[in-house]
Amino acid sequence: VKSIDSDAFNGCNNLKDIVIPYSIRRIKEKAFFECSELKEVSFEENSTLLSIGANAFNDCQTLGEIHIPPSVMYINNLAFINCTNLAKVTFDVNSKLQSIGSSAFKGCSKLSKIHFPPSLKTIGDFAFVSCKKLASVTFDNGSTLREIGSASFRLCTKLNEIQIPSSVKVIGDSTFSECSQFFGCCSLKTIVFGENSLLTSIGSLAFKGCSNLKMINVPPLVKSIGDSIFIDCTNLKELDITSPIQKLGSKSFKGCTHL
């Protein structure tokens, strides 16, 4: 057996635990959708799993933790959305993970911390939106992350510090009006960009409403800053921009009453 097919266990409300055989390479769409009593998912040693499909564990509300096998390269859209008891997600240091899809962990309201492996390239739009207990987001040394998608950490109200890896080139997509990476992270006090940051673009509304943010140093390669990026950052007192900005969006500092 090489895969767990779409809807294979959809709505199996008496399923409480499962061990995924090492031979499984794909968990397909909605494979465990709404398995409301599924508390434990584990993987056999030497797992060859490559991908976790869209909505694979959507609404598995009693699932408390999961360790992603190092072979997994893709966690697809909505994979763990609304897993409201999911408090722990871990990766091996030798993980091959490339991307976390849109809304993959949206609404995982008990998730308090996450440490991303160095292989990760993309965090999708809304990936961790409304993870209201998420206080710690860290990246491994040598991170190769390139993009943090729009609204990926929106309404993570406990998040107070984040260090953006130097490999990141893009924060957000200004196409999404009223959707911003850290919009509503009212506890966020510190944003640090890695040394020799490759960041070139910060999207609209990226730090809207970060009312505890006091200072920020914009990396030197940034050329484009979107509209309303620091709107209502009421405690922002210091802003260091040394880069040759080509585009500074409208209302960028509206409501920054201490700047």
* Asked: Is it true that a side-chain atom of Thr200 and a backbone atom of Val222 form a donor plus acceptor pair closer than 3.5 Å?
  -> no

* Asked: Between Ser143 (side chain) and Pro118 (backbone), is there a donor-acceptor pair under 3.5 Å?
  -> no

* Structure fact -> Residues Ser150 and Gly172: closest non-hydrogen pair is OG-C, 3.6 Å

* Search all heavy atoms of Leu221 against all heavy atoms of Ser243 and return the closest pair with its distance. => N-CB, 4.2 Å

* Taking the side chain as every heavy atom from C-beta outward, state whether Asn160 and Asn212 have any atom pair closer than 4.5 Å. => no

* Could you tell me whether the side chain of Asn85 and the main chain of Gln61 form a donor-acceptor pair under 3.5 Å? => yes

* More than 12 heavy atoms from other groups under 6.0 Å of CG on Asn141 -> no

* To do: Return yes if some donor-acceptor pair links the side-chain N/O of Glu44 with the main-chain N/O of Pro21 below 3.5 Å, else return no.
  => no

* **Asp92 vs His67 side-chain heavy atoms within contact, under 4.5 Å** => yes

* Asked: Linking I/L/V/M/F/W/Y whenever any side-chain heavy atoms sit under 4.5 Å apart, do Ile81 and Phe33 land together?
  -> no

* Structure fact -> Exactly one of Ile20, Asp17, Ile27, Val19 clears side-chain contact (heavy atoms from CB on, under 4.5 Å) with Val41, and that residue is Ile20

* Asked: Are Arg26 and Leu50 side-chain neighbours, meaning at least one heavy-atom pair lies under 4.5 Å?
  -> yes

* Show the numbers, then the answer: is there a side chain to side chain contact (heavy atoms under 4.5 Å, CB included) between Ile229 and Phe207? => CA-CA 6 Å; Ile229 181 173; Phe207 302 103; 3.9 Å; yes

* Take Ile68 and Phe43 through the side chain to side chain contact (heavy atoms under 4.5 Å, CB included) test and state the conclusion after the steps. => CA-CA 8 Å; Ile68 307 296; Phe43 301 87; 5.7 Å; no

* Asked: For the residue pair Ser47 and Ser71, what are the closest heavy atoms and their distance?
  -> O-OG, 3.1 Å

* Asked: Is a donor on one side and an acceptor on the other found under 3.5 Å between the side chain of Thr122 and the backbone of Glu147?
  -> no

* When rounded to the nearest 0.5 angstrom, what distance separates NZ in Lys237 from SG in Cys256? -> 13.0 Å

* Asked: Which residue, Val170, Ile164, Leu199, forms the side-chain contact (heavy atoms from CB on, under 4.5 Å) with Ile148?
  -> Ile164

* Spacing of Leu49 atom CG and Ser3 atom OG [to the nearest 0.5 Å] -> 10.5 Å

* Minimal non-hydrogen separation, Ser252 against Leu248, with atom names -> OG-CD1, 3.6 Å

* Say whether Ile241 and Phe193 are linked into one hydrophobic cluster, either directly or through other cluster members, by side-chain heavy-atom distances under 4.5 angstrom. => yes

* Donor-acceptor pair, Lys121 side chain versus Ser119 backbone, under 3.5 Å? -> yes

* Thinking salt bridges, do Asp5 and Lys28 make one under a 4.0 Å N-O criterion? -> yes

* Between Asp125 and Ser102, is any side-chain donor less than 3.5 angstrom from a side-chain acceptor? -> no

* Pairwise distance CD1(Ile162) to CZ(Phe153) - rounded to 0.5 angstrom -> 5.0 Å

* Going only through I, L, V, M, F, W and Y residues with side-chain contacts under 4.5 Å, is there a path from Ile191 to Ile245? -> yes

* To do: Any chance you could lay out the side chain to side chain contact (heavy atoms under 4.5 Å, CB included) test for Val89 and Leu111, step after step, and finish with the verdict?
  => CA-CA 8 Å; Val89 178; Leu111 187 64; 3.9 Å; yes

* With no hydrogens and no angle check, is any side-chain donor or acceptor of Ser51 less than 3.5 Å from a backbone partner on Gly53? -> no

* Asn235 side chain to Ser211 backbone, donor-acceptor under 3.5 Å -> yes

* Are side-chain heavy atoms of Phe139 and Val168 found at a separation under 4.5 Å? -> no

* Identified side-chain contact (heavy atoms from CB on, under 4.5 Å) partner of Leu120 from the options Ile75, Asp140, Thr144, Ile100 -> Ile100

* Asked: Does Thr48 reach the side chain of Ile24, with side-chain heavy atoms less than 4.5 Å apart?
  -> no

* To do: Determine the minimum heavy-atom distance between Val129 and Lys106, stating which atoms define it.
  => CG1-CG, 3.0 Å

* Asked: Do Ile52 and Phe57 come within less than 4.5 Å of each other through their side chains, counting heavy atoms only?
  -> yes

* **Gap between atom SG of Cys35 and atom NZ of Lys30 - 0.5 Å precision** => 12.5 Å

* To do: Could you grab the distance from atom CG of Leu145 to atom OG of Ser99, nearest 0.5 Å is fine?
  => 11.0 Å

* Do Tyr74 and Leu78 belong to the same hydrophobic cluster, where Ile, Leu, Val, Met, Phe, Trp and Tyr are linked whenever their side-chain heavy atoms lie under 4.5 Å apart, directly or via other members? -> no

* Asked: Any side-chain heavy atom of Leu86 sitting closer than 4.5 Å to one from Phe105?
  -> yes

* Give a yes or no on this: more than 12 heavy atoms of other residues, nucleotides or ligands lie within 6.0 Å of atom CG of Asn14. => no

* SG/Cys233 to NZ/Lys254 distance, rounded to the nearest 0.5 angstrom? -> 13.5 Å

* Structure fact -> Applied to residues 239-259, the ring pair (Phe, Tyr, Trp, His ring centres under 6.0 Å) test, sequence neighbours excluded, yields Phe230-Phe253

* Do we see a donor-acceptor contact under 3.5 Å between the side chains of Ser6 and Glu29? -> yes

* Just by modelled atom types, is the Gly149 backbone N or O under 3.5 Å from a matching donor or acceptor in the Ser152 side chain? -> yes

* Ignoring hydrogens and angles, tell me if any N or O in the side chain of Ser130 forms a donor-acceptor pair with the backbone of Gly107 under 3.5 Å. => no

* Structure fact -> Note: Ser166 and Glu195 closest approach over all heavy atoms is CB-O, 3.0 Å

* Describe, in one word, how the ring planes of Phe128 and Phe116 are oriented to each other, choosing from parallel (under 30°), tilted (30 to 60°) and perpendicular (over 60°). => perpendicular

* Asked: Are Tyr22 and Ile4 in one and the same hydrophobic cluster, where Ile, Leu, Val, Met, Phe, Trp and Tyr link if side-chain heavy atoms are under 4.5 Å apart?
  -> no

* Would you check if Val137 and Leu159 make a side-chain contact, meaning some heavy-atom pair closer than 4.5 Å? => yes

